[in-house]
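The sequence lines fix the lettering, A, B, ..., with proteins before strands; numbering per chain opens at 1.
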Protein chains: 2
Amino acid sequence: MIHQLISQIKKLEAPVVVGLDPMLGFIPESIQKRSFAEYGETLTGAADAIWEFNRQIVDAICDLIPAVKPQIAMYEQFGVEGVKIYQRTVDYCHEKGLLVIGDVKRGDIGSTSAAYAAGHLGHVKVGSQSFSAFREDFATVNPYFGTDGIRPFVDVCKEEKKGLFILVKTSNPSSGEFQDRLIDGRPLYEWVGEKVAAWGEDHMGDTYSYIGAVVGATYPEMGKVLRKIMPKTYILVPGYGAQGASAKELKPYFNEDGLGAIVNSSRGIIAAYKQEKYRKFGPEHFAEASRQAVLDMLTDIRSIF
Amino acid sequence: MIHQLISQIKKLEAPVVVGLDPMLGFIPESIQKRSFAEYGETLTGAADAIWEFNRQIVDAICDLIPAVKPQIAMYEQFGVEGVKIYQRTVDYCHEKGLLVIGDVKRGDIGSTSAAYAAGHLGHVKVGSQSFSAFREDFATVNPYFGTDGIRPFVDVCKEEKKGLFILVKTSNPSSGEFQDRLIDGRPLYEWVGEKVAAWGEDHMGDTYSYIGAVVGATYPEMGKVLRKIMPKTYILVPGYGAQGASAKELKPYFNEDGLGAIVNSSRGIIAAYKQEKYRKFGPEHFAEASRQAVLDMLTDIRSIF
């Protein structure tokens, strides 16, 4: 999958992933009304509105980018009906030729991580049969448990030729509370970054590992250091756009080959029609606004090379 | 909920929670066969077998303990069908008078944590309606993001009078890789413990906070220190039984009032019939074996006071 991701990034000149993190507030009223008319103001109705919103956005942008990153929390909040739509979104994105990074941030003790890995990236055995449940290509993972919480994910990735992005330095304001604390003179995120690089050695592609890292765009100085600590690690970079980082701050996340990072924007793309800049599209053309926002993001990101 | 948890623990003399973490390998063949006969060797068949297994265990033990802790990974691995059964298990346990600790280990940036909190502990708005999706009473949460990743969970807990157990020191062998690293002379888990105590100040019950901590039974010396750092924090203690810790190692996790900790056993209870000690029950009486294992665990735990 890391090969496929890199070859699509090169082909499209697009080191970009769009976060499919739909909140009901992002969804134009006309879509909500239609779904509520069919399913009522219910969890099913909400899930249907999300599905319709996602589908139109994916149709509008799928030729421009290599991958999407659905945030499972935004689906999980609607319970089983939401999870169904998460699944449906993953499958639909695959049909449209997109790679899918499941933003699930799972992580637990070994036997439990093994179950998460099987469910999201691998297979689960049922009697004599074997099934792949959620079918993402990559998943985000939390490192707090250490190696034996990560190992089962890496093992499944090796078997299935899939990949991970492990949290190293997150994009949120209080990420430094624990992640920046100094241990033997170096911040925790550097120690985590070193581990991610080591875990990644065990599942290498040609030049980059299948095991990537998450480093927020909001901390470019740290990004620079982490780039050096993890030279063969693909970095998933959240925090561009709505969270505040601009393109020029992203340069340190890339290697000299122009690869090594993929920048995420969620709200900035999927709710573009709500921004002043794209208001002319109007709510009924929200998907076209999203397409324009992707094109603008690509121009912006390409300007740094 | 912390009041209810404490009053049930007192009434039943049972500072014990049973982890409902069913692997298919734990489920007697007769149950699997019946489910596969009805639904085939499918994800639905697997989910049905898990449901039947859970139901019989819950029926057999619900009068002995205050709470259960379903591990969502064990359901999620079967995809949407598994998640349905997770939901059904939560609801059934409530019907049987049990409190439910959703072992979900979620945690993300603020807006995403808010969605997880709404879905698992709170309500989500759909048009003019409001729904509670997964309906657990407590959830486990990962602290790696710091305060703004935790805050939305605490906010929802305050509104709904629900609670959390935040990971501090986990029970797995490699938990020390990051958690034990020294920061200004003290291990990371102590810093996290201090934060948990501080976050908990904001949502107090009478003597204990609604915001609890997870500290593995496998590290009793650390448990002792953390007990002091977090005097008003309820500690959820995994790692008893199958993971290796015995009752006498659990004493430091309790306060002098005999409260302040709740000990989890999963496999040791739900797969009891597979142990030499309970083999006489046979697979067809697995639920009675689980009941006996709970009774034995209660005797063991009570012996430390």
Side-chain angles (χ1 to χ4, degrees), chain A residues 21 23-24 32 36 41-43 45-46 71 73-74 76-80 82-84 87 105-110 112-113 115-116 118-120 124-129 131 133-134 142-149 167 170-179 181-183 188 191-192 195, chain B residues 21 23-24 32 36 41-43 45-46 71 73-74 76-80 82-84 87 105-110 112-113 115-116 118-120 124-129 131 133-134 142-149 167 170-179 181-183 188 191-192 195:
Chain A
D21 309 358
M23 305 207 193
L24 273 186
Q32 293 195 45
F36 294 164
E41 288 182 342
T42 60
L43 294 171
Q71 167 53 261
M74 298 305 166
E76 215 172 295
Q77 67 181 324
F78 298 104
V80 171
V83 175
K84 272 188 204 168
Q87 171 73 79
K105 306 225 174 59
R106 302 306 196 240
D108 209 301
I109 64 167
T112 305
S113 279
Y116 279 131
H120 287 280
V124 68
K125 281 203 74 171
V126 180
S128 60
Q129 305 297 310
F131 297 92
F134 285 112
N142 188 307
Y144 194 68
F145 285 82
T147 298
D148 60 34
L167 301 181
T170 60
S171 61
N172 56 312
S174 66
S175 67
E177 257 173 41
F178 304 124
Q179 298 167 27
R181 296 301 303 270
L182 295 183
I183 294 163
L188 173 60
W191 295 100
V192 177
K195 277 284 178 193
Chain B
D21 310 357
M23 305 207 193
L24 272 186
Q32 293 195 44
F36 295 164
E41 288 182 342
T42 60
L43 294 171
Q71 167 51 262
M74 299 304 168
E76 214 171 296
Q77 68 181 325
F78 298 103
V80 170
V83 174
K84 273 188 206 168
Q87 172 71 82
K105 305 221 173 62
R106 302 305 195 241
D108 209 301
I109 65 168
T112 306
S113 279
Y116 279 131
H120 287 280
V124 67
K125 281 204 71 169
V126 179
S128 60
Q129 305 296 310
F131 297 92
F134 286 111
N142 187 307
Y144 194 68
F145 285 82
T147 297
D148 61 36
L167 301 182
T170 59
S171 61
N172 57 312
S174 65
S175 68
E177 257 173 41
F178 304 125
Q179 298 166 27
R181 296 302 302 272
L182 295 183
I183 293 163
L188 172 59
W191 294 100
V192 177
K195 277 283 178 193

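- With hydrogens and angles disregarded, a donor-acceptor distance shorter than 3.5 Å links the side chain of B/Asn172 to the backbone of A/Phe145.
- Within the 4.5 angstrom heavy-atom criterion, atoms from both the backbone and the side chain of A/Tyr144 approach chain B.
- Of the residues considered (A/Ser175, A/Gly82, A/Pro173, A/Ala118), A/Pro173 shows the highest number of contacts with chain B, using heavy-atom pairs under 4.5 Å.
- Counting heavy atoms from C-beta outward, A/Gln77 and B/His120 have side chains that stay 4.5 Å or more apart.
- Considering only residues two or more places apart in sequence or on other chains, A/Glu177 meets the salt bridge (charged side-chain N to carboxylate O under 4.0 Å, His left out) condition with B/Lys195.
- Contact tally against chain B (heavy-atom pairs below 4.5 Å) for A/Gly176, A/Gly149, A/Pro143: the top residue is A/Pro143.
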Starting from the C-alpha separation in whole Å, work towards a yes-or-no answer on side-chain contact (heavy atoms from CB on, under 4.5 Å) for B/Met74 and A/Thr112. CA-CA 7 Å; B/Met74 299 304 168; A/Thr112 305; 4.0 Å; yes

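- At least one donor-acceptor pair closer than 3.5 Å links the side chain of A/Glu41 to the backbone N or O of B/Ser128.
- The side-chain heavy atoms of A/Val80 and B/Val80, taken from C-beta on, include a pair separated by under 4.5 Å.
- Judged by distance alone, the side chain of B/Ser174 and the main-chain N or O of A/Asp148 form a donor-acceptor pair under 3.5 Å.
- For chain B, the option among A/Gln129, A/Lys84, A/Gln87, A/Gln179 with the highest count of heavy-atom pairs below 4.5 Å is A/Gln179.
- In this structure the side chain of A/Thr147 never reaches within 4.5 angstrom of the side chain of B/Phe178, judged on heavy atoms.
- In terms of heavy-atom pairs under 4.5 Å with chain B, the best-connected choice from A/Tyr116, A/Phe36, A/Phe78 is A/Tyr116.
- When every heavy atom of A/Ala115 is checked against every heavy atom of B/Ala73, the shortest pair comes out as CB-O, 3.6 Å.
- At a 4.5 Å heavy-atom cutoff, the contact between A/Val124 and chain B is made by side-chain atoms alone.
- Listed options A/Leu24, A/Thr42, A/Asp21 were ranked by heavy-atom pairs under 4.5 angstrom with chain B; first place goes to A/Thr42.
- By the salt bridge (charged side-chain N to carboxylate O under 4.0 Å, His left out) test, B/Asp108 is found to be paired with A/Lys105, residues two or more places apart in sequence or in another chain being considered.
- Within the 4.5 Å cutoff, the side chain of A/Arg181 has no heavy atoms near those of the B/Arg181 side chain.
- In this structure, the portion of A/Leu188 lying under 4.5 Å from any heavy atom of chain B is its side chain and not its backbone.
- Only the backbone of A/Leu182 comes within contact range of chain B, with heavy atoms under 4.5 Å apart.
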